[in-house]
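Worksheet for the structure shown next.
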Amino acid sequence: MSDNKMMSTDPASVVYQRCTIDLATGRADFAAVPCRNLEDVLGGFGRSFQILAERDVANAYSPENPLILNSGLLTGTSVMTGMRSYFSGYSPLKQSGTGRPGAMWSTGSGNFGNKFKWTGLDEVIFESRSEAPVFAVLRDGANGPEVELKPAGHLIGLTGHAKIMALAAEYPDAHFAAIGPAGENWETNYMGAVVMSTDNELKSGEPKSRFAGRGGMGSLMGYKNLLAIVAQSPDKLQKITPEIRDVNRDILKSGGSARFQPTSQGGGGGTWANIEVLQVFHAVPLNNFRPKGCDNVERLFRDEVEREFEVATEACHRCGIRCHNNLFHKNEDGSRGKLAAKFDFEPLILFGSNLGVHNPKEVCDLIHRCDLLGMDAISLGTTIAYLLDYNERHPEAPILNGATFGEYEKIAALIDGAGRGLYPELGRGVKRLSEALGETAYAMHVKGLELPAYLPDTNPGYIFAIAGGHMSMGTHMMLAKEGKHSLDEWVQAITSGGLLQVGYDMIGLCKFVGVGIGHDIIVRAVKEAAGLEIASADILASVRRAYLRGLALELRQGFHEHEEYTLPSQVMDDPNHKVTLPKFITHDFLAQLRERVWSVFKPEMEGLLPVLKG
């Protein structure tokens, strides 16, 4: 991106570097693109959703659906957590009642985003589809960015991690984004993830990948016959000035990031800590999001798991927050053995208690299988939970292998089969499966995207998330931590603070920075790392426009503003009295919530989308 300084009133003074690759012909076109608005400047989905808004896409698996890879304004800088890359397109998984796909983005960390930014590119748009499997090499050339498509036959069938390691042997000084077998089996698996390399992975040879999982962007890559992307560049680490040092110090000391830091540093030890917070209210998902008021889930508490595994709290590249936990088997002599799995709240619940599996070793194995096959853990875990629930309700006529809650070996077989494309019933997600079976009440999704590991009974904010659950609407812990359950409180949360969660998916930082997107830390980071003076109010306004543009895209794609902006009907029709939090979500509550939220949003959505031709 251009080094020109700018005020927020003059976005056109900032220019970003785009490459458009036609996968059918192999042609690559480079362009320096002036920013149209502050969303373009900030980057990420704020930019890519404007591109998607110019397309009329009726089917995710069609040549007119692009796959957009881009970065945020602070990706590749020395600001802590500034390493995110974004994959956007029309999702094969997120689907309206009319059958049209929803716009979607997914993001992950690791060092791929940095290397991509250091090639000199800010954005790559992959158009059409290659006839044969290929991988793309993006490199920092002598005269600027270079792009090459190369045959990928030798990568077919490998796990995402194995693809990364094979390419790492050929391309030094590079990082990688690849798909696993799930993405290759795009016709029967819509939840393929993009698997991204980490420094730890490349050095150790262990599968410590990061994932852009939500919405099936890996399956879209598979449809395009694009098996991997190589980003090759020398490190171009930005000098840490005294100002950036102060920003990073303040990020580490902020109250928001502290809860994600290691227990040894006084933090909560990553998202794992949420399990103990929610279990106080028996609000941890169990047996398809239906807690039973028991203590089974406590078998997955950290102190219990540490009896069997060594827990290593580790960080992404150059990040001091150290939010994630890798579990290692213990050798007989007590030394560290092989990597077992990355064990944080989402996967441990969705492949653990929510499937009726409480043995940590079994949970680790299920997570590990999902990761190697390259699937989104949220979508797969939640879809399997529905299947187990269905089979328990229909013992006389179960489906697939007949698995029910707690049957670890059968569940492992379901994961393997889904990842290899053998179980389209699972691979196409819970919305399609439940509709085919005619039992949608307990299918845990909103707008075709499976719910993360927080009870829908506690969060009506889910219905206005534009990229799935807690990642794009910051209301998932509001009831448990703040006790808010009035209509006024929820209207305020959704229309004001909650939607700002998406701002981090524009600027290139991780949400675990833990402060509001308009915080002084962000303003200072943008100024010192990118040389841009952008007022907090302008950042907030840009994030709001980007969110509302996403909401407008949903409506244009046929999502019904009442029928599909709702929760699974079980929440309203059969409240779970084992959960000791207030029961406040009724059909009437949601009807009033929708009316009031739309009355705020709709006037602001006017004019955010272009008029499509034809």
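Under the 3.5 Å distance criterion, the side-chain polar atoms of D295 are left unmatched by any main-chain donor or acceptor of E298. A distance-only check finds a donor-acceptor pair linking the side chain of K447 to the backbone of A465 [under 3.5 Å]. Side chain of E450 to backbone of M444: no donor-acceptor contact under 3.5 angstrom is found. No donor-acceptor pair closer than 3.5 Å links the side chain of K94 to the backbone N or O of L449. Under a 3.5 Å cut-off, the side chain of N576 and the backbone N or O of P291 do form a donor-acceptor pair. In terms of modelled atom types and a separation under 3.5 Å, the side chain of D457 and the main chain of K583 share no donor-acceptor contact. A distance-only check finds a donor-acceptor pair linking the side chain of S219 to the backbone of G192 [under 3.5 Å]. Using a distance-only test at 3.5 Å, with no hydrogens or angles considered, a donor-acceptor pair links the side chain of S353 to the main chain of P285. Side-chain atoms of N391 come within 3.5 Å of backbone atoms of A403 as a donor-acceptor pair (strictly under, hydrogens ignored). E184 places a side-chain N or O within 3.5 Å of a backbone atom of G157 that can act as its donor or acceptor partner.
Note: Y61 and Y190 have perpendicular aromatic rings, judged against thresholds of 30 and 60 degrees for the angle between ring planes. Aromatic ring orientation, W186 versus Y223: perpendicular (interplanar angle above 60°, classes split at 30° and 60°).
E392 and T404 share no donor-acceptor pair across their side chains, judged by distance under 3.5 Å alone. For the residue pair T198 / N200, no side-chain donor-acceptor distance below 3.5 Å is found, with atom types taken as modelled. A donor-acceptor contact closer than 3.5 angstrom links the side chains of H175 and S197.
The two residues M196 and G108 have their closest heavy-atom pair at CE-CA, 3.3 Å. For the residue pair F405 and N354, the shortest heavy atom distance occurs at CE2-O, 3.7 Å. Counting all heavy atoms, side chain and backbone alike, W272 lies closest to L300 at NE1-O, 3.1 Å. Among all heavy-atom pairs drawn from G374 and A182, the shortest one is O-CB, 3.6 Å. G215 and P92 make their closest contact through O-CD, 3.4 Å (heavy atoms, listed as atom of the first residue, atom of the second, distance). Nearest heavy-atom pair across C370 and A377 is SG-CA, 3.8 Å.
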Open item on the list: Applying side-chain contact (heavy atoms from CB on, under 4.5 Å) to R302 and N325, what does each step give before you reach the verdict?
Closed with: CA-CA 10 Å; R302 187 186 187 106; N325 301 283; 3.2 Å; yes
- [ ] Could you give me the CA-CA distance, side-chain angles and deciding distance for S335 and D333, then say whether side chain to side chain donor-acceptor pair (under 3.5 Å) is met?
- [x] CA-CA 6 Å; S335 62; D333 62 2; 2.6 Å; yes
- [ ] Evaluate the side-chain contact (heavy atoms from CB on, under 4.5 Å) criterion for residues L479 and Y454: first the C-alpha distance (whole Å), next the side-chain angles of each, then the deciding distance (0.1 Å), finally the verdict.
- [x] CA-CA 11 Å; L479 180 63; Y454 301 91; over 6 Å; no
Task: Evaluation steps, side chain to side chain donor-acceptor pair (under 3.5 Å), between Y565 and E554 - done: CA-CA 10 Å; Y565 288 81; E554 288 185 346; 2.5 Å; yes
TODO: Mind running side-chain contact (heavy atoms from CB on, under 4.5 Å) on R210 and K342 for me, showing each step along the way?
DONE: CA-CA 10 Å; R210 307 297 282 174; K342 181 174 174 288; 2.7 Å; yes
Task: Full working for side-chain contact (heavy atoms from CB on, under 4.5 Å) between F328 and K338 - done: CA-CA 6 Å; F328 294 86; K338 290 177 57 178; over 6 Å; no
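Annotation: side chain of Q501 is in contact with side chain of K511 (closest heavy-atom distance under 4.5 Å). Side chains of M572 and F589 form no contact here, defined as non-hydrogen atoms less than 4.5 Å apart. Side-chain contact between T188 and R428: present, with at least one pair of heavy atoms (C-beta onward) separated by less than 4.5 Å. With a 4.5 Å cut-off on side-chain heavy atoms, L286 and H358 count as touching. Two residues are said to be in side-chain contact when any heavy atoms from C-beta on lie closer than 4.5 Å; Y423 and L433 fail this criterion. Residues I399 and E425 have side chains not in contact (no heavy-atom distance under 4.5 Å, counting atoms from C-beta outward). The shortest distance between side-chain heavy atoms of W490 and N459 falls below 4.5 Å. Side-chain contact check for L387 versus T383: every heavy-atom pair is 4.5 Å or farther apart.
Here the CG-CG distance, from L590 to L487, works out to 10.0 Å after rounding to the nearest 0.5 Å. Interatomic distance, CG of L451 versus OG1 of T382, reported as 6.5 Å (0.5 Å rounding). The distance from atom CG of L372 to atom OG of S209, rounded to the nearest 0.5 Å, is 8.0 Å. Between the NZ atom of K410 and the CG atom of L355 there is a distance of 14.5 Å, given to the nearest 0.5 Å. Here the straight-line distance linking atom OG1 of T458 with atom CD1 of I585 works out to 7.0 Å at 0.5 Å rounding. Interatomic distance, CZ of R432 versus CD of Q95, reported as 4.0 Å (0.5 Å rounding).
The existence of a salt bridge linking K431 and E564 is excluded, since no basic side-chain nitrogen approaches an acidic carboxylate oxygen closer than 4.0 Å. A salt bridge links R290 with D574: the closest approach of a Lys/Arg side-chain nitrogen to an acidic carboxylate oxygen falls below 4.0 angstrom.
Aromatic ring centroids of F464 and Y547 lie 6.0 Å or more apart. Checked against a 6.0 Å centroid threshold, the rings of Y442 and Y386 count as neighbours.
Heavy-atom neighbours of E396 CD from other residues, nucleotides or ligands within 6.0 Å: above the threshold of 12.
When each of I251, L509, V513 is paired with M80, the side chain to side chain contact (heavy atoms under 4.5 Å, CB included) condition holds for I251 and for no other.
For the pair K361 and Y408, the cation does not sit on the ring face, since its NZ or CZ is not both under 6.0 Å from the ring centre and inside 45° of the axis. Under the 6.0 Å distance and 45° angle rule, R369 does not count as a cation-pi partner of F351.
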